[in-house]
J.: 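Please find one structure pasted underneath; my questions will follow.
Predicted model only: the values in this text are computed from it and were never measured.
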Amino acid sequence: MLAVVGGLLAACSAPAPQPPTADWAFEAARIHVHDSTDGVWGVGEADEPYVVNVAFRVTIGVAGSAKAWPVRGATYHDLAPGEGANLTGNQKGTASFPGLKMIDVEDVLRGQPLEVVGVWSWVMEEDILSLGGMEAKAATILQDLLNRFLAGGSLPESTSEWVRYIVDKIGVFGALQGLAVQIGFFGGGDDPIKSRVFVGLPVRGALGDVVDAAAAQVTFPGIDLPGAIPPSINGGSIGRLGNPSLAYMSNRMKRGNGDYTVSWRWTSPSGWGSTPTPTTTPTEPTVTEPECIPDRLDPTAPPICPI
């Protein structure tokens with residue numbers, strides 16, 4: 001009897017299964033210069049573009065969980081109007097997000113919180129002056145606001161409302177609008193073009209389907225920021241990490257004479273989504289054995305069957 005009770009207690013105290021984890025990364029992929037900013041100032045027609053990716057991650061409802069940090073991509077030198085280039089190495093400004101829990105409906109029911117990751121990507125053109133640490137200052141302000149609006153918040157009960165809630169809390173009613181108020185005027189530095197915000201949700205299965213459907217109905221807002229740097233936000237995107245639409249995203253942006261098309265992408269260094277997960281258990285193939293045949297030399301003998 002004690003053994004039975006002990007077994008039941010052990011079963012009741014077994015830890016809940018954990019969702020699978022995956023590593024994700026965000027990077028700029030390509031820049032095409034339609035029109036130059038440098039030609040305006042008489043310093044040559046070719047531009048020196050680069051990106052600053054202000055990365056962030058925050059768990060909704062977990063106080064103080066927000067983290068934000070800047071990754072400054074290396075400059076691509078001498079891109080003239082009409083020229084484009086694929087970015088390589090440090091030019092991509094890669095922001096890494098290791099160990100994300102890819103949650104589904106059953107994980108939510110067990111109380112697993114949702115972590116939100118994203119990048120505020122600035123498109124810049126290098127001049128004599130530098131950013132002077134403005135990207136780090138912006139990241140600090142953004143982190144404080146994400147702690148207020150998302151870490152200090154709670155998701156709606158209906159999962160179909162999650163995407164809209166997150167966009168509102170990050171966008172025009174939340175952190176980035178608050179940043180526009182707090183950031184003031186950072187001053188000079190390199191030439192800004194525009195920026196975009198990219199938000200990824202680590203979800204899978206049925207919850208992933210809900211996020212896909214909701215994200216298709218949401219437009220990420222544009223937000224004007226005071227001064228020149230950080231550059232104003234030219235919209236953005238939100239979606240399920242692993243959705244093909246996030247694998248390559250392009251946007252044309254313009255400020256003054258500077259006119260670029262920039263492409264970005266989410267990738268999974270751990271290979272999430274690269275191999276489809278089977279929905280049914282594979283079965284062994286059916287093998288048809290050849291039939292037995294009678295012995296033609298001795299009709300009274302047993303039939304001959306293959307071994």
J.: Kindly give the heavy-atom pair with the smallest separation between L146 and V58, and that separation in Å.
T.: O-CG2, 4.1 Å
J.: Please give me the minimum heavy-atom distance between W266 and G118, naming the atom from each residue.
T.: CH2-CA, 4.1 Å
J.: Output yes when a side-chain donor or acceptor of D144 lies under 3.5 Å from a complementary backbone atom of I141, and no otherwise.
T.: no
J.: Tell me, do R204 and P19 make a side-chain contact under 4.5 Å, heavy atoms counted?
T.: yes
J.: Y165 and V210: same hydrophobic cluster, using ILVMFWY side-chain contacts below 4.5 Å?
T.: no
J.: Can you check whether T267 reaches T94 side chain to side chain, under 4.5 Å on heavy atoms?
T.: no
J.: Kindly say whether R196 contributes a backbone atom to a donor-acceptor pair with the side chain of S121 at under 3.5 angstrom?
T.: no
J.: Can you sort out the partners of K194 under side chain to side chain contact (heavy atoms under 4.5 Å, CB included), two or more places apart, ordered by chain and number?
T.: S232, N234, M253
J.: To the nearest 0.5 Å, what is the distance between CD1 on I103 and CG on L207?
T.: 5.5 Å
J.: Could you grab the distance from atom CZ of R255 to atom OG of S195, nearest 0.5 Å is fine?
T.: 11.5 Å
J.: Of D47, T75, T37, which is the lone residue that meets side-chain contact (heavy atoms from CB on, under 4.5 Å) with E126?
T.: T75
J.: Report the residues that fulfil side chain to side chain contact (heavy atoms under 4.5 Å, CB included) with A85, sequence neighbours left out, ordered by chain and then residue number.
T.: Y76, L79
J.: Do the non-hydrogen side-chain atoms of P20 and W272 ever get within less than 4.5 Å of each other?
T.: yes
J.: Between E48 (side chain) and E125 (backbone), is there a donor-acceptor pair under 3.5 Å?
T.: no
J.: Could you measure the distance from the CD1 atom of I170 to the CZ atom of F220? Nearest 0.5 Å is fine.
T.: 5.5 Å
J.: Donor-acceptor check, side chain of Q217 to backbone of A214, threshold 3.5 angstrom: yes or no?
T.: no
J.: What's the shortest heavy-atom distance between A215 and G239, and which atoms?
T.: CB-CA, 4.2 Å
J.: Side chains of Q112 and E106, heavy atoms from C-beta outward: is any pair under 4.5 Å?
T.: no
J.: Between K67 and E115, is the salt bridge (charged side-chain N to carboxylate O under 4.0 Å, His left out) condition met? List the steps.
T.: CA-CA 11 Å; K67 299 289 183 289; E115 187 171 17; over 6 Å; no
J.: If Ile, Leu, Val, Met, Phe, Trp and Tyr residues are connected whenever their side-chain heavy atoms lie under 4.5 Å apart, and connections chain through other members, are L201 and V62 in the same group?
T.: no
J.: Enumerate, atom names and distances included, each donor-acceptor pair closer than 3.5 Å involving a side-chain atom of residues 25-34, sequence neighbours excluded.
T.:
| unit_1 | atom_1 | unit_2 | atom_2 | d |
| --- | --- | --- | --- | --- |
| E27 | OE2 | R265 | NE | 2.7 |
| E27 | OE2 | R265 | NH2 | 3.2 |
| R30 | NH1 | N86 | OD1 | 3.0 |
| H34 | NE2 | T261 | OG1 | 2.7 |

J.: Could you tell me which residues satisfy side chain to side chain contact (heavy atoms under 4.5 Å, CB included) with N147, sequence neighbours excluded, listed by chain and number?
T.: A66, Q143, A151
J.: Ignoring hydrogens and geometry, is there a side-chain-to-backbone donor-acceptor pair from S65 to T59 under 3.5 Å?
T.: yes
J.: Check I233 against W120 and note the closest heavy-atom contact, atom names and distance.
T.: CG1-NE1, 3.6 Å
J.: What pair of heavy atoms forms the shortest contact from M102 to D107, and how long is it?
T.: O-OD2, 4.2 Å
J.: Considering the options W24, F56, W69, which one meets the ring pair (Phe, Tyr, Trp, His ring centres under 6.0 Å) requirement together with F97?
T.: W69
J.: Is a side-chain donor or acceptor of D23 paired with a backbone partner of G99 at a separation under 3.5 angstrom?
T.: yes
J.: How about I166 and K169: do any of their side-chain heavy atoms sit closer than 4.5 Å?
T.: no
J.: Look up atom OH in Y260 and atom CD1 in I193, then write down how far apart they are to the nearest 0.5 Å.
T.: 4.5 Å
J.: Show me the donor-acceptor pairs within less than 3.5 Å that the side chains of residues 153-164 make with the rest of the protein, sequence neighbours left out.
T.:
| unit_1 | atom_1 | unit_2 | atom_2 | d |
| --- | --- | --- | --- | --- |
| S158 | OG | S160 | N | 3.4 |
| S158 | OG | S160 | OG | 2.7 |
| W162 | NE1 | P156 | O | 2.9 |

J.: Could you tell me if the side chain of P202 sits less than 4.5 Å from the side chain of L114, heavy atoms only?
T.: yes
J.: Just how far is it from atom CG of L145 to atom CZ of R148, taken to the nearest 0.5 Å?
T.: 7.0 Å
J.: Determine, stepwise, if the pair V211 / N243 fulfils side chain to side chain contact (heavy atoms under 4.5 Å, CB included).
T.: CA-CA 10 Å; V211 167; N243 187 306; over 6 Å; no
J.: Nearest 0.5 angstrom please: E135 CD to M124 CE, how far?
T.: 9.0 Å
J.: Under the side chain to side chain contact (heavy atoms under 4.5 Å, CB included) rule, collect the residues that match up with T21, sequence neighbours excluded.
T.: K101
J.: Does a side-chain heavy-atom distance below 4.5 Å link W264 with L87?
T.: no
